[in-house]
Amino acid sequence: MRNYLIRRSLELIPVLFAIAFVSFWLVSKMGDPFAVLVLNPHVRPEDIQRLRHIWHWDDPLVVRFWYWLKDFVWPRQGWGLSTLAPGQTALQLISRRIPVTIAFSSTSLIAAIILSIPLGVYSALRQYSVADYILTFFAFFGMSMPTFWFGIMLIYLFAVKLHWFPAAGYHRAFFIIKGVPVMFDKAPRWMQFLDEAWHLTLPITVLTVFQVGGWLRYMRSSMLEVKSMDYVRTARAKGLPERTVIYKHAFRNAVIPIITLIGLSFPGLIGGAMITETVFAIDGIGRLTYNAVMSQDVFVAMALIMIFSILVVIGNFLADIFYAVADPRIRYS
Amino acid sequence: MANEDYVEGGIETSESYSYWRKVFQRLKKHKIAMVSLWFLVVLILMAVFAGPLSFGNNPYSYIKSVPWAPRPELAPPGPGHPLGLDNMGRDAWSRLLYGGRVSLAVGFICSFIGAAVGLFFGLISGYFGGITDMLIMRFTDFMLSLPVLPLMVVLSSVIKGSLWTIIFVISIFSWMGVARLVRGEVLSLKEQEFTEAARAIGETPGRIMWIHLLPNSMAPVIVAATLAISGNIIYEATLSFLGLGIRQPTPSWGNMLNGAQTFMLTAPWLMWWPGIAILVTTLAFNFLGDGLRDALDPRLYR
């Protein structure tokens, strides 16, 4: 097992390297990160030349890539200057925006797991019942719904018509406490938390529904498959109570592929978060990616694509490892 | 030689004919899948006959004035314009029809390309094994460990352009599933007697793959390709919604929603229909794919 872990983690390095190169090449096709500086009257042409030289932008692609990668791994120059937010480095910009995305996408990931696994099991145990049909329909609905449109519809219904939830953003600028305006950062923690929860309810709903559908179907079919296995029949024949048979013998085996699936669903989660953030105007790294691409902020886009790739690769890695740990039939040497 | 081919071909078609008839009979019992199938047929016909169905309007022209609204831009539904006019004063109903043409075409073509490329890589990888297999599967794994949507956004901003650009961008990321599926099928098929027999009478690898392995691994590919259509339609809609897919003035269901959020308060009807169109279409393809899976899966065959 230990050898497998080591081998598998060593395999990650060339994959990440390849991803880094491809995405660097692709993003640098977007435009010249220093071209915008020409428009700024406060920046002298010599300074632009100097910056270009520091980033080796006057060298061939491979050299340029090498220096960029070095800075990405060990950020001495902060992953490059952002043109979207002048005066900030990509690292500053991203690190300020990353917590929101992590908070809201991990909440919806957990919500999706908590919802889809029990509902999938329930659906399988009562196959062809009314509840099963309703859940199946709901699952297909979730799988087929275009995320961005679902977001827009929720905004229309719950924000514009009913005024239950805010339409955009992830917190208010200030609170009014006893008639005195208090900036968000200065307000008590619990008020901050409640306000953020209130703002993020709709986005989390959108992202959760997007994930639940597929997993619910998968859990259902996995459970159905396991239910008809010989060892489940044996467990029943031994006279074990139905609860034990279902939860100890069937469920444990049925849930293994789902957990792997969750590890593999990171690309979808990232894409979903990107759309949700864009629709709900949440200043996380998903919306930042979109804005960076639209305004040709090359360094920010590169760093973000790299971060997303690392997340996806880690997700795949964890899925593999988990599968190896959970399923004793799989022996790796 | 020609005669031999004829006999061989004749047997195969009659066999596959009865197989597909059985599949269709099983599919017919799947009510939701059949409803979806008929719905999709109607939808495709509507897209094909978009011209005659749009009441003499066309999706590109600016309508100078309508009697029931002070300005033609964002005018509500009325006679001759069942879905109103969009922010540029164009008929929304005819844009919906023509947009369906674009969205369905992107869905079908990307899915077809994805299936074809996936079949190609899967067949080669599974049949030859060894270093070829390792290289192709490493490449597939590599493609699977990319953040798809951010890269699609970057790609479509780099190669701005036409319908074919967007088809290219989506197709790049839609073949990996099929490749893995086909490889798995081929790995088990190539150990079976009929492949061995074909090899024994000296058929070339290309011919074995084309005549024997391809038809036999088709079933899961059809299911995957049907399900992929809905995914591709959503990708196209998402990119167009973000302003990176199909560009104005060409309508697509996605780019009709591009400005919808801005007009949410003044013209909410504009954002309903394209979204509903996307939803019911993807829903239908998903149901059809699910029905096909049940119909094609020999393990469920009773």
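Here is the naming used below: chain letters follow the sequence lines, and residue numbers restart at 1 for every chain.
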*For residues Phe140(A) and Asp290(B), determine if any side-chain heavy atom of one lies less than 4.5 Å from a side-chain heavy atom of the other.*
yes
| message | Donor-acceptor check, side chain of Tyr290(A) to backbone of Leu242(B), threshold 3.5 angstrom: yes or no? | response | yes
Next item on the list: Report the C-alpha distance between Met294(A) and Val153(B) in whole Å, list the side-chain angles of each, state the deciding distance to 0.1 Å, and finish with yes or no for side-chain contact (heavy atoms from CB on, under 4.5 Å).
Entry: CA-CA 9 Å; Met294(A) 292 311 266; Val153(B) 167; 5.8 Å; no
Interatomic distance, OG@Ser230(B) vs CE@Met143(A), rounded to 0.5 Å, equals 8.0 Å
Would you check if there is a donor-acceptor pair between the side chains of Asn316(A) and Ser145(B) at a distance under 3.5 Å? no
Cut-off 4.5 Å, heavy atoms of chain A, and the answer for Tyr235(B) is neither
What class does the angle between the rings of Phe241(B) and Phe148(A) fall in, given that below 30° is parallel, 30 to 60° is tilted and above 60° is perpendicular? parallel
Whatever's closer than 4.5 Å to a heavy atom in chain B on Ile270(A) counts as side chain
Cut-off 4.5 Å, heavy atoms of chain B, and the answer for Phe141(A) is both
Applying a strict 4.5 Å limit to non-hydrogen atoms, the region of Ala18(A) in contact with chain B is both
Honestly, the part of Thr278(A) sitting under 4.5 Å from a heavy atom of chain B is side chain
Turns out that what part of Met274(A) lies under 4.5 Å from chain B's heavy atoms comes down to side chain
Okay, Thr238(B) and chain A: the region with an atom under 4.5 Å from a heavy atom over there is both
Whatever's closer than 4.5 Å to a heavy atom in chain A on Leu244(B) counts as side chain
Interatomic distance, CH2@Trp149(A) vs CD1@Ile276(B), rounded to 0.5 Å, equals 5.0 Å
Applying side-chain hydrogen bond (donor to acceptor under 3.5 Å, both in side chains) to Thr260(A) and not counting sequence neighbours gives none
